[in-house]
Amino acid sequence: MHVRAIYPGTFDPITKGHYDVAKRASLMFDELVIGVAASPNKNPFFSLEERVELAQEVVADLPNVQVREFTGLLVEFAKEVEGQVIIRGLRAISDFEYEVQIAGVNRHLSPSIETVFIAASQDYTFLSSSIVREIAKLGGDVSSFIHPRVLQAFAVKLG
Ligand code: COA
């Protein structure tokens, strides 16, 4: 059986923590589709197009991973790309309650799609995209949290 998994998120921008989860998932499943959500309610710093492009460059070394954007419901996107599994990374116990709730909602909406949790690397348990954005905007060093290409994108965007 060929299993295609979806790794959804806003990826504003993709961090080394996201890459770590994507890499682990890519080794577990035949194919991985990174689903970059438009997330207009989060008012993203990088445009959807930029977030997709950056994610593509960051995961370019993972042969069975592709990046797509989506705007509607995650379960609809999963159906569209024929994904059977949703991947979510767990960084800390505090992620758990929220993630179980979302997994429950998604199961209710589409019972055939399974959510699989992957424990994120210890190195990045404190990391989130908004923390990276905050530090970058204040001129701090975020080079250990993001791919050099993402660092460059921040430099361009922040002037
Ligand atoms: N390493 C580093 N950071 C991580 C991480 C990891 N392993 N895992 C999560 N994060 C960060 C994210 O970057 C995000 O940071 P931010 O809030 O600072 O931007 C934060 O942790 C929360 O992550 P998450 O809950 O994954 O939020 P998200 O916005 O990235 O993704 C969607 C949420 C897109 C998956 C969800 O909103 C969705 O499915 N939307 C579609 C609509 C839908 O179907 N809704 C019904 C189901 S709720």
Side-chain angles (χ1 to χ4, degrees), residues 2-39 42 44-70 74-75 77-78 81-104 106 113-138 140-158:
H2 189 95
V3 182
R4 183 177 295 134
I6 317 285
Y7 179 30
T10 305
F11 301 108
D12 185 32
I14 187 163
T15 67
K16 287 192 178 176
H18 292 131
Y19 176 86
D20 170 66
V21 172
K23 186 172 184 178
R24 287 167 201 273
S26 76
L27 297 171
M28 287 170 64
F29 298 97
D30 299 300
E31 269 182 77
L32 182 72
V33 178
I34 295 185
V36 181
S39 299
K42 282 191 126 181
F45 178 72
F46 288 102
S47 71
L48 181 55
E49 198 186 358
E50 288 169 331
R51 286 180 278 135
V52 167
E53 213 176 290
L54 290 174
Q56 268 162 349
E57 293 184 44
V58 168
V59 300
D61 66 325
L62 305 176
N64 59 340
V65 180
Q66 47 164 308
V67 182
R68 299 271 301 266
E69 64 179 61
F70 74 101
L74 173 58
V75 290
F77 172 66
V81 298
E82 295 176 357
Q84 301 102 308
V85 172
I86 292 169
I87 301 294
R88 297 292 290 165
L90 286 180
R91 288 162 297 175
I93 193 76
S94 51
D95 283 344
F96 187 75
E97 207 172 309
Y98 171 68
E99 290 299 337
V100 168
Q101 187 185 2
I102 293 188
N106 287 331
I113 300 174
E114 210 57 65
T115 298
V116 170
F117 297 112
I118 290 185
S121 160
Q122 289 268 329
D123 301 341
Y124 307 117
T125 47
F126 57 86
L127 200 56
S128 77
S129 295
S130 43
I131 285 177
V132 170
R133 287 196 306 276
E134 168 101 11
I135 299 171
K137 282 178 188 171
L138 295 172
D141 179 11
V142 285
S143 57
S144 54
F145 304 146
I146 52 178
H147 188 277
R149 181 63 192 85
V150 182
L151 197 63
Q152 191 192 5
F154 266 119
V156 170
K157 200 120 179 146
L158 293 169

Handout entry: Considering all heavy atoms, the nearest Y124-S144 contact
Key = CE2-O, 4.3 Å
Practice task
Anything under 30° is parallel, anything over 60° is perpendicular, the rest tilted; go ahead and classify F70 against F77.
Solution key: parallel
Exercise for the section: Rounded to the nearest 0.5 Å, what's the gap from CG on L54 to OG1 on T15? Could you check? Expected result: 12.0 Å
Practice task
Ignoring hydrogens and angles, tell me if any N or O in the side chain of R133 forms a donor-acceptor pair with the backbone of S128 under 3.5 Å.
Solution key: no
Handout entry: Spatial distance of atom CZ (R4) from atom CG (L32) [nearest 0.5 Å]
Key = 10.5 Å
Exercise for the section: Start with the C-alpha gap between F145 and F126, add the side-chain angles, then the distance that decides, and say whether ring-ring contact (aromatic ring centres under 6.0 Å, His included) holds. Expected result: CA-CA 10 Å; F145 304 146; F126 57 86; 5.7 Å; yes
Exercise for the section: Test ring-ring contact (aromatic ring centres under 6.0 Å, His included) on F154 and F46 and set out the steps. Expected result: CA-CA 9 Å; F154 266 119; F46 288 102; 5.0 Å; yes
Problem - Spacing of R91 atom CZ and Q122 atom CD [to the nearest 0.5 Å] - result: 13.5 Å
Handout entry: Check: T115 and R88 side chains under 4.5 Å, non-hydrogen atoms
Key = yes
Handout entry: Atom NZ of K23: over 12 foreign heavy atoms under 6.0 Å
Key = no
Practice task
Report yes if some heavy atom in the side chain of Y19 is under 4.5 Å from a heavy atom in the side chain of L62; otherwise report no.
Solution key: yes
Handout entry: Pairwise distance CD1(I113) to CG(L74) - rounded to 0.5 angstrom
Key = 7.5 Å
Exercise for the section: May I ask you to say whether D12 pairs ionically with K42, meaning some side-chain N is under 4.0 Å from a carboxylate O? Expected result: no
Problem - Basic-acidic side-chain contact under 4.0 Å: E50, K157 - result: yes
Exercise for the section: Decide side chain to side chain contact (heavy atoms under 4.5 Å, CB included) for I86 and E114; before the verdict, give the C-alpha distance in whole Å, the side-chain angles of both, and the deciding distance to 0.1 Å. Expected result: CA-CA 6 Å; I86 292 169; E114 210 57 65; over 6 Å; no
Exercise for the section: Check whether any side-chain heavy atom of V150 lies under 4.5 Å from a side-chain heavy atom of V58, and answer yes or no. Expected result: yes
Exercise for the section: Would you give the length of the straight line joining atom CG of D30 to atom CD of Q84, rounded to the nearest 0.5 angstrom? Expected result: 8.5 Å
Problem - Residues R24, D20: salt bridge by 4.0 Å N-O rule - result: yes
Handout entry: Pairwise side-chain contact, H147 with P13, heavy-atom cut-off 4.5 Å (strictly under)
Key = no
Handout entry: Whether over 12 other heavy atoms sit under 6.0 Å from E99 CD
Key = yes
Practice task
Report yes or no: does R68 contribute a side-chain atom to a donor-acceptor pair with the main-chain N or O of V36 at less than 3.5 Å?
Solution key: no
Problem - E53 and R149, any side-chain heavy atoms less than 4.5 Å apart - result: yes
Fill in the blank from the handout: Which of V132, I131, L138 passes side chain to side chain contact (heavy atoms under 4.5 Å, CB included) with I135? It is I131
